[in-house]
Asks: 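The structure follows.
In this chain, numbering begins with 1 at the start of the sequence shown. Just so it is clear, the structure is predicted and the values come from calculations on it, not from any experiment.
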Amino acid sequence: IAMNLSARQLEDPRLVERILAHLRKRDLPPDRLKLEITESLVFDHAHIGGLLARCHAVGMHVALDDFGTGYSNLGPLLTLKFDQIKLDASFVRALDRPRGVALVGVIVGMARALDCDVIAEGVETREQREILHKLGCRYAQGWLVGKPATFADVLKA
């Protein structure tokens with residue numbers, strides 16, 4: 001299960017405890033949850049390192065969302081541990097150009113070197129999926145893979 005976190009939620013000192021309580025109610029282990037934090041929010045919250053450490057300590061996974069579209073500062077990757085980097089859909093749309101392919105290849109290589117998986121957002125065509133696969137990107141989301149769903153819809157499936 002992936003959950004996007006808002007700026008307001010990141011300010012909650014009891015965020016991890018609240019999430020764990022919701023998981024317990026549904027009998028879901030923490031390692032089944034991935035928290036997605038938008039790149040720009042990482043720079044706006046000084047306590048993000050402590051939050052990530054608490055999430056990892058209880059088994060949750062954390063993804064850096066919309067990578068490359070916010071501040072695009074690589075500095076936090078030196079000190080903050082992310083399990084995944086979510087490649088913004090704008091990079092996927094650029095796969096029809098050589099420069100786009102080259103840039104995505106560099107991002108995938110960087111992520112691999114940092115022991116992070118890459119999830120490509122906005123994958124809509126088989127061609128995009130094939131290029132991403134050749135570049136070493138193993139995960140994708142978008143209309144080609146499946147439609148967005150609410151948590152309630154996922155529980156019904």
Side-chain angles (χ1 to χ4, degrees), residues 1-10 15 19 22-23 26-45 48-49 51-52 55-56 58-157:
I1 300 169
M3 181 175 100
N4 287 301
L5 294 177
S6 70
R8 194 173 103 222
Q9 289 169 316
L10 289 175
L15 176 66
I19 292 171
H22 285 289
L23 291 172
R26 288 161 178 80
D27 199 29
L28 293 170
D31 67 348
R32 301 295 296 166
L33 180 66
K34 175 177 53 181
L35 301 175
E36 298 183 1
I37 303 172
T38 303
E39 180 184 19
S40 59
L41 292 179
V42 170
F43 297 99
D44 292 339
H45 292 82
I48 200 77
L51 172 68
L52 297 181
C55 291
H56 284 117
V58 298
M60 293 179 207
H61 301 280
V62 184
L64 181 59
D65 199 8
D66 295 335
F67 180 76
T69 61
Y71 293 102
S72 297
N73 177 345
L74 301 178
L77 294 177
L78 290 171
T79 57
L80 301 176
K81 167 81 173 98
F82 291 96
D83 301 294
Q84 299 171 332
I85 292 175
K86 294 191 72 184
L87 185 66
D88 186 73
S90 61
F91 292 100
V92 173
R93 287 190 299 273
L95 289 172
D96 62 347
R97 300 186 301 274
R99 289 177 67 93
V101 173
L103 188 54
V104 170
V106 167
I107 293 169
V108 170
M110 176 196 66
R112 188 176 302 128
L114 295 173
D115 196 29
C116 291
D117 288 322
V118 176
I119 299 176
E121 297 180 309
V123 178
E124 297 180 354
T125 69
R126 287 190 170 105
E127 293 80 16
Q128 290 169 333
R129 182 180 61 191
E130 288 172 18
I131 293 168
L132 289 162
H133 180 73
K134 287 178 185 174
L135 293 172
C137 181
R138 301 181 325 169
Y139 302 101
Q141 71 181 57
W143 287 97
L144 181 67
V145 180
K147 295 179 182 176
T150 65
F151 184 68
D153 289 340
V154 170
L155 289 177
K156 291 177 193 174

Asks: Would you check if Arg99 and Leu103 make a side-chain contact, meaning some heavy-atom pair closer than 4.5 Å?
Replies: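 Counting from C-beta outward, Arg99 and Leu103 never come under 4.5 Å.
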Asks: To the closest 0.5 Å, what do you measure between CZ (Arg129) and CZ (Arg126)?
Replies: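 So the CZ of Arg129 and the CZ of Arg126 are separated by 6.0 Å.
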Asks: Could you tell me the separation between the CG atom of Leu5 and the CG atom of Leu51, rounded to the nearest 0.5 Å?
Replies: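 Interatomic distance, Leu5 CG to Leu51 CG, rounded to 0.5 Å: 7.0 Å.
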Asks: Looking at Gly122 and Gln128, what are the two nearest heavy atoms and their distance?
Replies: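 Heavy atoms of Gly122 and Gln128 come nearest at O-OE1, 3.9 Å.
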Asks: Distance check, rounded to the nearest 0.5 Å: Asp117 atom CG versus Arg138 atom CZ?
Replies: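 Reported value, rounded in 0.5 Å steps: 5.0 Å.
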Asks: Nearest 0.5 Å please: distance from the CZ atom of Arg32 over to the CG atom of Asp27.
Replies: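 Spacing of CZ (Arg32) from CG (Asp27) equals 12.5 Å.
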Asks: About how many Å separate SG of Cys116 and CD1 of Ile107, when rounded to the nearest 0.5 Å?
Replies: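 Atom-to-atom, Ile107:CD1 and Cys116:SG are 12.5 Å apart.
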Asks: To the closest 0.5 Å, what do you measure between CG (Leu33) and NE2 (His22)?
Replies: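 Answer for the CG-NE2 pair, Leu33 versus His22, is 11.5 Å.
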Asks: Does the distance from a Lys or Arg side-chain N to an Asp or Glu carboxylate O, for Asp83 and Lys34, drop under 4.0 Å?
Replies: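 No, no charged N to carboxylate O under 4.0 Å.
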Asks: Are any non-hydrogen side-chain atoms of Val62 and His56 less than 4.5 angstrom apart?
Replies: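 They are in contact (side-chain heavy atoms under 4.5 Å apart), so the answer is yes.
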Asks: Would Ile19 and Met60 satisfy side chain to side chain contact (heavy atoms under 4.5 Å, CB included), going step by step from the backbone distance to the final call?
Replies: CA-CA 10 Å; Ile19 292 171; Met60 293 179 207; 3.7 Å; yes
Asks: Step by step, would you call Glu121 with Asp65 a side chain to side chain contact (heavy atoms under 4.5 Å, CB included)?
Replies: CA-CA 9 Å; Glu121 297 180 309; Asp65 199 8; 2.8 Å; yes
Asks: On a heavy-atom basis, which atom in Leu52 and which in Lys81 lie closest, and how many Å separate them?
Replies: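 For Leu52 versus Lys81, the nearest heavy atoms are CD1-O, 4.0 Å.
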Asks: Quick check: are there more than 12 heavy atoms from other residues, nucleotides or ligands sitting under 6.0 Å from CG of Asp115?
Replies: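 At most 12 heavy atoms, drawn from other residues, nucleotides or ligands, come within 6.0 Å of this atom.
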Asks: At their closest point, which heavy atom of Val118 faces which heavy atom of Ala111, and how far apart are they?
Replies: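 Where Val118 meets Ala111 most closely, the heavy atoms are CG2-CB, 3.3 Å.
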Asks: Quick check: do Leu35 and Cys55 have side-chain heavy atoms less than 4.5 Å from each other?
Replies: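 Result yes, sub-4.5 Å side-chain heavy-atom pair found.
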Asks: Over all heavy atoms of both residues, which pair between Leu15 and Gln9 is shortest? Give the atoms and the distance, please.
Replies: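 For Leu15 and Gln9, the tightest heavy-atom pair comes out as CD2-O, 3.6 Å.
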Asks: Write down the atom of Val92, the atom of Ala120, and the distance for their closest heavy-atom approach.
Replies: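 The pair with the smallest heavy-atom distance is CG2-CB, 3.8 Å.
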Asks: With a 4.5 Å limit on heavy-atom distance, are the side chains of Leu135 and Val101 in contact?
Replies: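 Yes, at least one pair of side-chain atoms sits under 4.5 Å.
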